[in-house]
There are 2 protein chains.
Amino acid sequence: MPAAQPRESRSEYEGACREHGDSGAVIREVLERVGDKWSLLVIDTLAAGVLRLSELQKHIPGISQRMLTRTLRLLERDGLITRTVHPEVPPRVEYALTSVGRTLIVPAQELAGWAVEHQAAILSAREAYDAAHEEINKPENPGLDSRHMK
Amino acid sequence: MPAAQPRESRSEYEGACREHGDSGAVIREVLERVGDKWSLLVIDTLAAGVLRLSELQKHIPGISQRMLTRTLRLLERDGLITRTVHPEVPPRVEYALTSVGRTLIVPAQELAGWAVEHQAAILSAREAYDAAHEEINKPENPGLDSRHMK
DNA sequence: CAGCATCCTTTTTGATACTG
DNA sequence: CAGTATCAAAAAGGATGCTG
């Protein structure tokens, strides 16, 4: 799909139609909810089924409890997941996607799939780029490979 | 089917396959490149065709030049876009998606479409949530509407 | 188990000023 | 026009300790 004006993916949905260049703003706004460090991963994990906090944490390596609960809260706030507290002795809280949240599964997994699929290409491109630029900055340092731009 | 580990789309990558917990790490890593504040928007914008810096900035409201160039650099580093400098008097630099970069168009636009499509639902969910929680914290303050989470 | 609060460190981002 | 450098503000993230 090359070069056209595909930015016309405006749905006839919104009643609060502000402007045209606005879709960028809207996208960014919503994307920030979902485009943070963990949200898509949580969505992706919950796509498999209902999970409790500790289970989610096991499935998402590297996430701290703070970030997990934070992320879950934001997703809940946006109506993408539900939080169900079972009044039992050892508290049990289950998280699940809402119907709106489920609409994110396909895009999320598609992006996740893209990430996995192009991971190698990206990493090698990155190395090539870094190598080329290190040469420019430090032509006399061939073998050192520790840079953490980011 | 509670919490299994489906959705495996392993490529020929890594030899250390514990569980799919790995793909989570990979996804997160790549997603961080593309899941930042502006990358997807830039990809999305470049999907329409080759553009120069100033044009990109016009198409992406709210982005500062610093963030634009930064984002472009990272995308270039990862081999998703190309940067072509035309040796002319008023310097002209054009940015375009690479073939790898173009593979991101579909997922990116799908996500962007999702954002636009569910914008209203998310906003109203958010308001409902905030209203409910404001009531809990400040039942005696029914007119104040200042929430700045996030 | 779930989850909030606090403290502290690392990143990110935006303004501004300054080259080619 | 394109782009870099610097600085300060803000946000994100992580560790830990404390409730219910």
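A, B, ... follow the sequence lines: proteins, then strands. Residue 1 opens every chain. All heavy atoms count here, side chains included; hydrogens, waters and symmetry mates do not. No experiment lies behind these values; they were computed from the predicted model shown.
A:Asp36 has its CG atom 16 Å from the C1' atom of C:dT13, to the nearest Å. Computed from coordinates, the A:Arg73 CZ to D:dA12 P distance equals 17 Å when rounded to whole Å. One can place CZ of B:Arg70 at 10 Å from P of D:dT4, the figure rounded to the nearest angstrom. Put simply, CE on A:Met67 is 17 Å from P on C:dC8, counting in whole angstrom units. Atom CG in B:Leu74 sits about 13 Å away from atom C1' in C:dT11, given to the nearest Å. In this structure, B:Leu72 atom CG and D:dC1 atom P are separated by 16 Å, rounded to whole Å. In this structure, A:Leu68 places its CG atom 9 Å from P of C:dG3, rounding to the nearest Å. Summarising the geometry, the separation between CD on B:Glu88 and C1' on D:dG3 is reported as 17 Å, rounded to the nearest angstrom.
Side-chain atoms of B:Glu55 come within 3.5 Å of backbone atoms of B:Arg52 as a donor-acceptor pair (strictly under, hydrogens ignored). With hydrogens and angles disregarded, a donor-acceptor distance shorter than 3.5 Å links the side chain of B:Asp36 to the backbone of B:Trp38.
Contact between the side-chain N/O atoms of A:Arg83 and the OP1/OP2 oxygens of C:dA2 is not found at any separation under 4.0 Å. OP1 or OP2 of C:dG3 has not a single side-chain nitrogen or oxygen of A:Thr69 nearer than 4.0 Å. Considering only side-chain N and O atoms, A:Tyr95 lies nowhere under 4.0 angstrom from the phosphate OP1 or OP2 of C:dC1.
Candidate nucleotides D:dG13, C:dA2, C:dG14 were compared by shortest atom distance to the side chain of A:Val93, and C:dA2 ranks first. Across C:dC4, D:dA2, D:dG14, the shortest atom-to-atom separation from the side chain of A:Lys37 is found for D:dG14.
B:Tyr95 is not listed as a side-chain neighbour of B:Leu51, based on a closest heavy-atom distance of 4.5 Å or more.
Under 3.5 Å, the side chain of B:Arg66 and the base of D:dT6 form at least one donor-acceptor pair of N or O atoms. A donor N or O paired with an acceptor N or O is not found under 3.5 Å between the base of D:dG14 and the side-chain atoms of A:Gln65.
What you find for A:Ile43 and A:Gly101 is that their closest heavy atoms are CG2-O, 4.4 Å.
Classified by interplanar angle (parallel below 30°, tilted 30° to 60°, perpendicular above 60°), the ring pair A:His133/A:Tyr129 is parallel.
Nearest-nucleotide assignment on DNA chain D puts the 5′-proximal partner with A:Gly62, out of A:Gly62 and A:Pro91.
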